[in-house]
There are 4 protein chains.
Amino acid sequence: MSASPARRRELLDTAAEVFAEQGYDATTVRKIADQAGMLAGSLYYHFDSKESMLEEILAAFLDELWAGYDAVLEADLGPRETLAALVTESFREIDRHRAAVAIYQKESKHLAPQPRFAFLADSQQKFEKAWLRTLERGVEAQIFRADLDIRLTYRFVRDTVWVAASWYRPGGHHSPEEIARQYLSMVLDGIATRGGPSAD
Amino acid sequence: MSASPARRRELLDTAAEVFAEQGYDATTVRKIADQAGMLAGSLYYHFDSKESMLEEILAAFLDELWAGYDAVLEADLGPRETLAALVTESFREIDRHRAAVAIYQKESKHLAPQPRFAFLADSQQKFEKAWLRTLERGVEAQIFRADLDIRLTYRFVRDTVWVAASWYRPGGHHSPEEIARQYLSMVLDGIATRGGPSAD
Amino acid sequence: MSASPARRRELLDTAAEVFAEQGYDATTVRKIADQAGMLAGSLYYHFDSKESMLEEILAAFLDELWAGYDAVLEADLGPRETLAALVTESFREIDRHRAAVAIYQKESKHLAPQPRFAFLADSQQKFEKAWLRTLERGVEAQIFRADLDIRLTYRFVRDTVWVAASWYRPGGHHSPEEIARQYLSMVLDGIATRGGPSAD
Amino acid sequence: MSASPARRRELLDTAAEVFAEQGYDATTVRKIADQAGMLAGSLYYHFDSKESMLEEILAAFLDELWAGYDAVLEADLGPRETLAALVTESFREIDRHRAAVAIYQKESKHLAPQPRFAFLADSQQKFEKAWLRTLERGVEAQIFRADLDIRLTYRFVRDTVWVAASWYRPGGHHSPEEIARQYLSMVLDGIATRGGPSAD
DNA sequence: CATGAATGAGTATTCATTCAT
DNA sequence: TATGAATGAATACTCATTCAT
């Protein structure tokens with residue numbers, strides 16, 4: 001157990017790619033090993049189990065994500081700028097760790113209840129709190145509309161952002177910042193033309 | 001192999017619930033049978049295979065969905081009304097077949113390439129075409145903003161709607177029509193207050 | 001249990017046909033039922049088990065076979081005539097009960113040890129005794145060659161006859177008597193021309 | 001999937017023995033594994049499936065058989081010598097690969113239609129052609145009797161030889177060459193004494 | 001007599017994991 | 001560090017059989 005951290009990361013990246021593409025359950029240890037050019041059993045020199053690979057992938061991703069988020073939240077920006085910064089940060093993370101994000105999206109719901117993955121539930125709570133607070137501050141400041149259900153709005157914004165991981169391909173037409181800009185534009189101002197008839 | 005349609009539906013509903021909660025791959029035939037109060041092998045009196053249950057669940061869902069969609073599309077409404085009707089129809093479907101929708105969301109991507117599930121890919125294409133056309137019509141009529149990437153907008157609206165299946169619970173505070181109304185309001189007009197500073 | 005003997009025979013004939021074509025193990029009760037135009041469970045009104053069908057088929061066949069054989073053996077014919085009559089009788093049986101013969105050929109070896117199928121082993125012993133005695137009488141009377149291993153000869157004649165069940169189709173070019181005649185000609189006089197060089 | 005050829009052969013020999021004794025269908029993978037002193041699942045390290053074991057056993061047998069046959073057929077012997085050599089070669093093969101031959105006898109008929117086992121049908125055709133041609137040459141040369149149905153004679157000789165695999169036990173009283181000699185003597189010259197009354 | 005629905009024991013196969021080399 | 005070979009538990013599926021209707 002242990003070995004060079006460099007090799008570990010390499011193997012984890014490989015594993016993440018396969019997990020993302022095929023789903024965790026559907027991914028066999030052999031597929032990962034094949035991709036890494038070794039035999040299935042050999043992975044167990046580097047890792048305790050398939051599950052521990054998953055854990056390490058998700059934990060590393062969330063660590064990095066929160067480094068970014070915390071920086072934003074501690075910057076004491078206004079609600080609108082906070083929202084913009086959080087969304088942009090999210091798209092940057094999708095750009096850098098698409099595989100991990102995709103895994104997170106697909107698997108976190110059924111992993112969270114397990115003690116081993118408690119950190120997922122923790123993160124989710126922190127995440128929700130930060131978003132709700134930002135939205136509430138925005139409503140108070142009359143920057144966000146007051147007539148919207150705030151929890152519904154939270155889910156709307158959250159899903160809107162993260163689901164992008166399922167189709168986003170790094171190196172495509174749009175940079176993450178560009179996509180973030182467009183998303184924000186839609187989320188903030190809607191897709192209808194201004195001055196058109198308001199919804200219902 | 002065929003058996004009474006009533007019992008079949010009962011069992012399919014049970015199966016859909018389990019598939020939705022645990023994921024198709026992670027669902028064992030025994031779990032479904034347990035839930036249905038019978039032994040695993042007994043399911044095979046009613047169905048050919050686990051996969052055929054999945055197929056039947058998804059096909060029935062899409063049939064019903066398209067009945068609703070086609071009615072909307074053939075009604076020749078304006079772009080804004082079409083969009084509203086499609087979204088409302090979608091939330092109604094989520095309300096009626098939450099399990100099937102959740103399964104569709106999670107599994108359709110990796111199922112679609114299989115010949116057996118070709119109807120998923122067909123549906124996806126039809127779906128995309130209907131949405132893109134509606135958005136294009138809206139832009140032409142200056143009802144939707146012209147400065148947005150139309151494919152990005154399509155994904156935005158699509159994801160925004162369907163991801164709701166992952167958290168929606170029928171019989172909760174909001175009726176599907178109420179949720180649809182709020183979603184539409186956000187999508188069309190944004191979450192920012194009118195007259196506020198536009199996004200960057 | 002019981003029912004009309006006519007229906008029983010019908011069902012047994014159907015079963016025999018399927019057993020012969022697919023092998024006993026590979027034959028499912030459902031295939032027999034399908035062929036008979038009923039459901040698998042319904043067969044159990046007529047028979048105790050799949051195995052009891054097999055038993056009844058084989059027992060009926062052997063009963064009839066031995067009726068013929070016993071008549072021949074009690075007729076006190078000369079060895080050559082006895083051999084001819086036994087072979088002819090065998091081909092007639094193949095003609096009448098091809099399916100049963102084919103089953104017997106394929107399955108009797110591994111069935112014989114089971115107590116339920118002891119009658120197969122009995123029959124085989126009686127069969128061997130009758131043939132060996134006929135061959136011995138023929139050697140004594142200088143009708144059959146004395147330089148041949150008698151057990152080998154027995155197997156040779158026995159196999160030569162019964163294996164025909166694997167390819168014989170009733171209603172073909174040759175009547176069973178005609179095939180018997182040709183087989184006897186080969187067995188008795190060989191396929192080489194008389195006066196040719198003898199086999200080394 | 002591949003693994004050491006030595007272990008493979010060992011396991012295939014074990015499997016062939018069990019297949020021959022119990023029949024392919026009636027043989028469970030567990031029986032083979034038991035015989036080999038391992039667990040059922042472990043066999044799948046060496047082989048893809050139970051069927052692939054069967055295929056490998058039969059293919060190896062036919063390869064070796066045809067090596068021998070081709071040598072005989074290319075030697076341009078007279079018809080009688082060709083027949084003698086083919087029969088002798090066959091008994092040698094039965095001696096060396098009794099299990100494979102027994103499997104071939106019992107299973108080839110229902111395997112041959114499957115694409116995977118097309119090589120069985122190919123072999124059977126080649127086999128038939130070689131034998132028919134040898135018999136025809138013999139009739140032309142007046143070495144074999146002209147009054148026999150040649151296809152019937154082919155079946156007679158073919159069955160006569162191969163059925164021996166069902167009772168032959170290597171290391172018994174007779175060497176394969178000795179058995180071949182006796183069989184040939186019966187097939188060529190018959191079991192009746194010369195000068196006796198010919199079979200009507 | 002036959003059906004419809006189920007049982008329960010078994011079957012081939014998969015796969016994460018282990019461990020001596 | 002990695003391999004080759006195995007374990008053992010689980011998985012989808014099959015099938016003879018039962019039985020209330």
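Below, chain A is the first sequence line, B the second, and so on; all start at residue 1.
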Which nucleotide in the set dA12(F), dT7(E), dA16(F) lies at the smallest distance from any side-chain heavy atom of V29(B)? dA12(F)
F61(B) versus A100(B), closest heavy-atom pair with distance: CB-CB, 3.7 Å
Using a 4.0 Å cut-off on heavy atoms, which residues in residues 9-26 of chain A reach DNA chain F? List them by number, or say none. none
For dA2(F), does either OP1 or OP2 sit under 4.0 Å from a side-chain N or O belonging to Y45(A)? no
Just the rounded figure in Å: distance from P of dA12(F) to CG of L54(B). 13 Å
So W162(B) and Y104(B), would you call those rings parallel, tilted or perpendicular, with 30° and 60° as cut-offs? tilted
Look at the side chain of R7(B) and decide which nucleotide, out of dT18(E), dA6(E), dA12(E), has an atom nearest to it. dA6(E)
Regarding the side chain of H46(B), the nearest nucleotide among dT11(F), dA12(E), dA5(E) is dA5(E)
Using distance only, find each side-chain donor-acceptor pair of residues 16-25 of chain B under 3.5 Å and give its atom names and separation, not counting sequence neighbours.
{"from": "E17(B)", "atom 1": "OE2", "to": "R98(B)", "atom 2": "NH2", "distance (Å)": "2.9"}
{"from": "Q22(B)", "atom 1": "OE1", "to": "K31(B)", "atom 2": "NZ", "distance (Å)": "2.7"}
{"from": "Y24(B)", "atom 1": "OH", "to": "E51(B)", "atom 2": "N", "distance (Å)": "3.2"}

Main chain of Q105(B), side chain of S108(B): is a donor-acceptor contact present, judged purely on distance under 3.5 Å? no
With heavy atoms under 4.0 Å as the rule, sort S42(B) into base, sugar-phosphate or nothing. base
Which part of the nucleic acid, if any, lies within contact of T27(A), taking any heavy atom under 4.0 Å across all strands shown: a base, the sugar-phosphate backbone alone, or nothing? sugar-phosphate
Think Y44(C) has a side-chain N or O under 4.0 angstrom from the OP1 or OP2 of dT17(F)? yes
To the nearest angstrom, the CG-P distance between L43(A) and dT3(F) comes to 10 Å
Starting from C1' on dA9(F), measure out to CG on L39(D) and report it in whole angstrom. 11 Å
Can you establish whether the number of heavy atoms outside R30(B) located under 6.0 Å from its atom CZ is more than 12? no
Comparing G41(B) and M38(D) on DNA chain F - which has the more 5′ nearest nucleotide: M38(D)
Starting from P on dT1(F), measure out to CZ on R8(A) and report it in whole angstrom. 11 Å
Pair assignment for DNA chain F - dot-bracket with | for other-strand partners, Watson-Crick or G-U under 3.5 Å: .||||||||||||||||||||
